[in-house]
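Report on the following structure.
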Amino acid sequence: IGEIAATDLHILIVTKSGAGKSTALKAIVRRIKEDTPASKFGIVDPKTTDWLGLQSEEGVVTYLDQDTQDEQLDAASEQIGHAFQIMKSRIRAVQKVLREGGKRPVFAPQYLILDEWWVLQDMIGSLKRESEFFGMLNQIIAMGREMSVRLILVAQTHLCTQIGFSDPVRGCFSVLAL
């Protein structure tokens with residue numbers, strides 16, 4: 001858990017249903033909070049589970065408990081968009097500093113956690129909103145690590161064809177298979 005929590009890679013946690021993905025994820029989040037208290041989190045959770053107190057902080061945990069799938073995806077998109085905007089603002093800040101000859105800033109880690117990815121992925125596909133979600137997620141995967149924006153995806157498989165990401169994008173993840 002310590003090694004996983006300390007990595008600057010995007011993480012894909014995979015195993016079959018009921019084998020401990022959410023439990024492992026909470027242990028990782030707890031360790032990140034202990035080791036790097038300045039870390040920030042954005043969590044999308046379709047199951048409405050306990051997030052070690054993070055759910056009481058404004059804007060951190062997005063439970064997908066809205067009435068319609070469109071409303072659920074709007075809520076998820078807002079959380080993903082928040083991480084995306086943090087990454088974009090950090091990119092602009094780094095570019096500005098580098099143009100001025102300054103020292104590159106160091107950012108506190110920002111984690112975007114998508115628990116039960118298959119639930120979101122299924123809704124995204126059925127409502128034909130792939131470009132909205134995969135546009136932001138692919139950019140976070142491609143550029144986020146350098147800006148300390150990290151994605152943790154929880155799924156039941158690591159196969160590209162089933163998680164919706166291309167082979168090169170999937171290659172950006174460190175896989176934790178339980």
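Sequential numbering from 1 along the given sequence is applied to the chain's residues.
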Practice item. Report the C-alpha distance between L120 and L64 in whole Å, list the side-chain angles of each, state the deciding distance to 0.1 Å, and finish with yes or no for side chain to side chain contact (heavy atoms under 4.5 Å, CB included). Key: CA-CA 9 Å; L120 272 175; L64 299 185; 3.8 Å; yes
Review point. Do any N or O atoms from the side chain of E71 and from the backbone of D67 form a donor-acceptor pair under 3.5 angstrom?
Key: yes
Exercise for review: For salt bridge (charged side-chain N to carboxylate O under 4.0 Å, His left out), just list the numbers for E57 and K40, CA-CA rounded to whole Å, side-chain angles, deciding distance to a tenth of an Å, and then say yes or no.
Suggested key: CA-CA 11 Å; E57 295 180 28; K40 300 291 183 197; 5.9 Å; no
**Study point:** Q55 side chain reached by Y63 side chain, heavy atoms, under 4.5 Å
**Key:** yes
Practice item. Report yes if the side chains of I113 and V44 come closer than 4.5 Å at any heavy-atom pair, otherwise no. Key: no
Check your understanding: Is the backbone N or O of A38 less than 3.5 Å from a side-chain atom of T36, with the two atoms forming a donor-acceptor pair by type?
Key -> no
Check your understanding: Is the backbone of T49 close enough, under 3.5 Å, to the side chain of D45 for a donor and an acceptor to pair up by distance?
Key -> yes
Exercise for review: For E78, look at atom CD and say whether over 12 heavy atoms of other residues, nucleotides or ligands are found less than 6.0 Å away.
Suggested key: no
Practice item. Decide, yes or no, whether a salt bridge links E100 with K96 under the criterion of side-chain N to carboxylate O below 4.0 Å. Key: yes
**Study point:** Residue pair I152 / F41, side-chain heavy-atom distance below 4.5 Å
**Key:** no
Review point. Taking all non-hydrogen atoms of both residues, which atom of M87 and which atom of Q139 are closest, and how far apart?
Key: SD-O, 3.6 Å
Exercise for review: With the side chain counted from C-beta on, respond yes when I43 and Q79 share a heavy-atom pair under 4.5 Å apart, and no when they do not.
Suggested key: no
Check your understanding: OG/S131 to CG/N138 distance, rounded to the nearest 0.5 angstrom?
Key -> 11.5 Å
**Study point:** Exercise: identify the closest heavy-atom pair between Q69 and S126
**Key:** OE1-OG, 3.4 Å
Point to revise | Closest heavy-atom pair and its distance - P46, D115 | key: CD-O, 3.2 Å
Exercise for review: Keeping the roles fixed (side chain from D122, backbone from W118), state whether a donor-acceptor pair exists under 3.5 Å.
Suggested key: no
Practice item. State whether D70 and R129 are salt-bridged, where the test is any N-O pair (Lys NZ or Arg NE/NH1/NH2 against Asp/Glu carboxylate O) under 4.0 Å. Key: yes
Review point. L112 versus V149: any side-chain heavy-atom pair under 4.5 Å?
Key: no
Review point. When you measure from the side chain of T7 to the backbone N and O of I4, does any donor-acceptor pair fall under 3.5 Å?
Key: no
Practice item. Ignoring hydrogens and angles, tell me if any N or O in the side chain of K33 forms a donor-acceptor pair with the backbone of L52 under 3.5 Å. Key: yes
Review point. Nearest heavy-atom pair of I91 and M147: which atoms, and what distance?
Key: CG1-CG, 3.6 Å
Exercise for review: Please answer whether the main-chain N or O of A5 pairs with a side-chain N or O of R31 as donor and acceptor at a distance below 3.5 Å.
Suggested key: no
Check your understanding: Are L137 and L127 connected in the hydrophobic side-chain network, where two residues link if heavy atoms are under 4.5 Å apart?
Key -> yes
Exercise for review: Applying side chain to side chain donor-acceptor pair (under 3.5 Å), run through Q110 and S148 and close with a yes or a no.
Suggested key: CA-CA 6 Å; Q110 173 73 38; S148 294; over 6 Å; no
Point to revise | Shortest non-hydrogen contact between S89 and I86, atoms and distance | key: OG-O, 2.9 Å
Review point. Would T15 and Q156 count as having a side-chain donor-acceptor pair, cut-off 3.5 Å?
Key: no
Check your understanding: Which atom names give the shortest non-hydrogen contact between L54 and V60, and what distance separates them?
Key -> O-CB, 3.6 Å
Review point. Considering only heavy atoms from C-beta outward, does the side chain of K21 approach that of V14 to under 4.5 Å?
Key: no
Practice item. May I ask you to check whether S22 and K47 show a side-chain donor-acceptor distance below 3.5 Å? Key: yes
Point to revise | T23 vs L25 side-chain heavy atoms within contact, under 4.5 Å | key: no
Check your understanding: Can a salt bridge be assigned to the pair R104 and E146 using a cut-off of 4.0 Å between side-chain N and carboxylate O?
Key -> yes
Check your understanding: Do any N or O atoms from the side chain of Q72 and from the backbone of Q66 form a donor-acceptor pair under 3.5 angstrom?
Key -> yes
Check your understanding: For the side chain of Y111 and the backbone of I32, is there at least one donor-acceptor N/O pair under 3.5 Å apart?
Key -> no
Study note, to complete from the structure: Only residue of L151, L153, V169 satisfying side chain to side chain contact (heavy atoms under 4.5 Å, CB included) with H10 is L151
